[in-house]
Amino acid sequence: MVSSSSTLYIIFILFLQLLLVFGNVTRSSTLSTTNKNSWLSPSGEFAFGFQQLGTATNLFMLAIWYNKIPEKTIVWSAKNTNNNNLVQAPTGSQVQLTSGGLTLTTQQGESIWTAQPNTAVSYGIMHDTGNFVLVNKNSSIVWESFKFPTDTLLPNQSLELGGNITSRFSETNYTSGRFQLYFRDDDHNLMLSPLAWPTQLRYKFYYRIDVNNSASSSLVFDESGDIYVETNKNGTTRIIPQGTQWKNLDLDPKLYYYRATLDYYGVLTQYSHPRDTKAKQGWTIMRYVPDNICIAIFNEMGSGTCGYNSYCSMENQRPTCKCPYGYSLIDPSNQFGGCQLNFTLGCGDNNGEGLNVKPEELYEFTVLRDVDWPLSDYEKMQPYSQQDCQQSCLHDCMCAVAVFNNNTCWKKRLPIANGRAQSGGQLVLVKTRVSPFGPSSTTHDLKKDDRVKPILQGLLISSTVFNSILLAAVVFMTLLKPKRVVQAATLVETNLCSFSYDALKEATWGFSEELGRGSFGIVYKGELKAGSTCNVVAVKRLDRLVEDREKEFKTELRAIGKTCHKNLVRLVGFCDEGLHRMLVYEFMSNGSLANILFGETKPIWNQRVGFALGIARGLVYLHEECDTPIIHCDIKPQNILIDEYFTAKISDFGLAKLLLADQSRTNTMVRGTRGYVAPEWFKNVPVTAKVDVYSFGAMLLEIVCCRKSVVLMESGEEEKAILTDWACDCYMEGRIDALVENDQEALDDIDRLEKWIKIAIWCIQEHPEMRPTMRMVMQMLEDVVKVPDPPSPFSFGSIP
Ligand SMILES: *[C@@H]1O[C@H](CO)[C@@H](O)[C@H](O)[C@H]1NC(C)=O
Ligand SMILES: *[C@@H]1O[C@H](CO)[C@@H](O)[C@H](O)[C@H]1NC(C)=O
């Protein structure tokens, strides 16, 4: 509830801001990290002040940002002049303007950054251009932030000979990063180079703007929003940077903000943003160089855009990074941080398996197409067959990847670098460990150090012995299913619409038609008019946001809004007005998987197979492929929705954080639902993406068996009450046919049935590190990799 005291507080803050003379900063003015004030430009478009470095730190940077747009994009930050590194100010630091200039001091009085011109400063001005300047008594500029750019240039700003801008480290980390744009004094060329991070040593350039030698003087970003290199001879020769993506555009600085940023993945991009706060918010890519960063960087040293052991492809004009099978992101929150092996690749004894194990028993190969790491070869064999190539890599403990093409075999060693999507007909053989779920494969989890200590306190989970049985096969009809047209929306930033409460009230006919109730609130049907068409939507009213979670609402929204996958329910927009928080989703005409699965008539087997595959793909995307990895935490048939084409779509993802005061289960409320909840929710171990794997396993059994996870059974049938236990028993006793009694279609596809029961048992292993990742699950479901026999789940652990 907004109380009257907080209204007063807001008025007070507004009053304080009015007290500041907009634009003009007088001597002895002070800003501090604690009182969150800032110096605004006359129109309020730019602000100068402190910004926290991440939400979890007590460090701040001194920065300039766009103050009127929701994103508060940072365009400048104070850097250490010696090493070009970001100045990190601890809580309690303050910056003061004196006649000597600007001084940033810590609470202890230690000066950590200064801007001290030679002459006395009279006052400072935060200009509407985004330039913060210090002037002397003659009103001449003696210091300006435009002369010390970080990763961004603004209209009216120029980069002089010898100058540079350096990308930041990652999307959210403003530390000096891995790429630099610089204007070389000797040949006057403008170049882009990777840096040997964390030093400022430049590797060979990957993009060069060739300018007429010695004639050029500066890179100009003029007030119209155009960017070019200006020559000093007659001042009029304009050399527009070449390149297909850097074309002339219609520019209108009255309507748009422009900025040119060297993005943290090495692309120099010009962006625009409408000035009108009522227009659709978000930065749009206007033009950029190089065209394809994935292939532009071609250096012996360094990792390339994506980091080591990763490969890069262009999607929606931006590079995206993927790990090969068997590898996972080192830092799951940074797809550009490179990948690590989920297994040990070792020689001889180092395999940890003793000397007697043949490599055939330890390793296998996954095939990848149209990808290459062109500079990581250490051997080339010719003529060689694909078979020879694979054998050679298998028996060579140095070999991590082999590429085969035209009777030639290239062996590659770790770390493989500069990976890129590149079609040339090559086959990439990626070496991975067989039977992947050993303790070394705690992959893709959102937290590290989650290895469970051997836990002896526990009881046995019910089921014990395992075995198998055989049936027959059926055609995979889901492949014939009509394909849904992929949404055209490019979610480079988010594409979410912001709705007013009144608009949604009208769209839902006053919240009259209820579609369902979930853990977050009530869902209503609605209709949004867009021109002559009408889109049916589902409007979810969130009713349980913990008060201090409200800040996170926008952050989470941004993460959800950036997701785009066929098997996820698409978020169309939101309402964040006063107390009202609502999410607007596309409408799913066939209701939830629970309705379909547990309804009057069973869905046919092939349809169920399609549901399971789709959900698995959606989860792989959430865990690994979207920008911010998302753990769902409540996978169950009620949260899977089915569209008109019978595509299964995951809903309610990304909301877990908004509800839980703590992502671990220390508080009594567990977000999961009985029958789907992984045991670690109740133990003192961090919750990882493996909780979703567990729930997926439990749900896979429901999809296969068409029954609920927990049902009350009549006496004599109690062993069937908990589906996970009963399925384990049936599998062990060799009677999986009992699980699909009277379901002839399933019995006819007994190979798949058996395999899928095995996959489900892998997923519901007690210990999270024993469970496969969703990617492995997907590959097993898709028949890309073999399904090893699951171990008996009589590992130690306790039942919820
Ligand atoms: C800022 O203040 C100084 C000194 O008080 C004054 O001379 C100057 O005109 C002011 N500038 C602006 C832009 O208001
Ligand atoms: C930014 O990244 C660097 C390098 O990984 C790291 O040392 C630093 O702590 C990070 N800063 C923040 C605020 O996360």
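If you read the sequence from its start, that first residue is 1, and numbering goes on from there. Keep in mind the model is a prediction, meaning the values are calculated, not measured. Atoms within each ligand, like the ligands themselves, are counted from 1 in listed order.
The residue from L53, T57, L59, N173 that puts a heavy atom closest to atom 2 (O) of ligand 2 is N173.
Among all protein heavy atoms, the one lying closest to atom 4 (C) of ligand 2 is W197 CH2, 3.2 Å.
Distance check for atom 7 (O) of ligand 2: every protein heavy atom is found at 4.0 Å or beyond.
In summary, the atoms of ligand 2 found under 4.0 Å from a heavy atom of T175, numbered by their order in the structure, are 1 (C). Here is the list of ligand 2 atoms found below 4.0 Å of a heavy atom in F169: 2 (O), 4 (C), 5 (O).
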Q. Does the pair R775 and E624 meet the rule for a salt bridge (charged side-chain N to carboxylate O under 4.0 Å, His left out), with working shown?
A. CA-CA 8 Å; R775 179 172 295 281; E624 298 178 22; 2.7 Å; yes
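Distance check, rounded to the nearest 0.5 Å: CG of L192 to CG of N164 gives 11.5 Å. For the atom pair OH of Y203 and CE of M301, the computed distance is 6.0 Å after rounding to the nearest 0.5 Å. The distance from the CG atom of L619 to the CD atom of E625 is 11.0 Å, given to the nearest 0.5 Å.
With F169 as reference, W197 is the one residue of Y174, W197, F336 to meet the ring pair (Phe, Tyr, Trp, His ring centres under 6.0 Å) rule.
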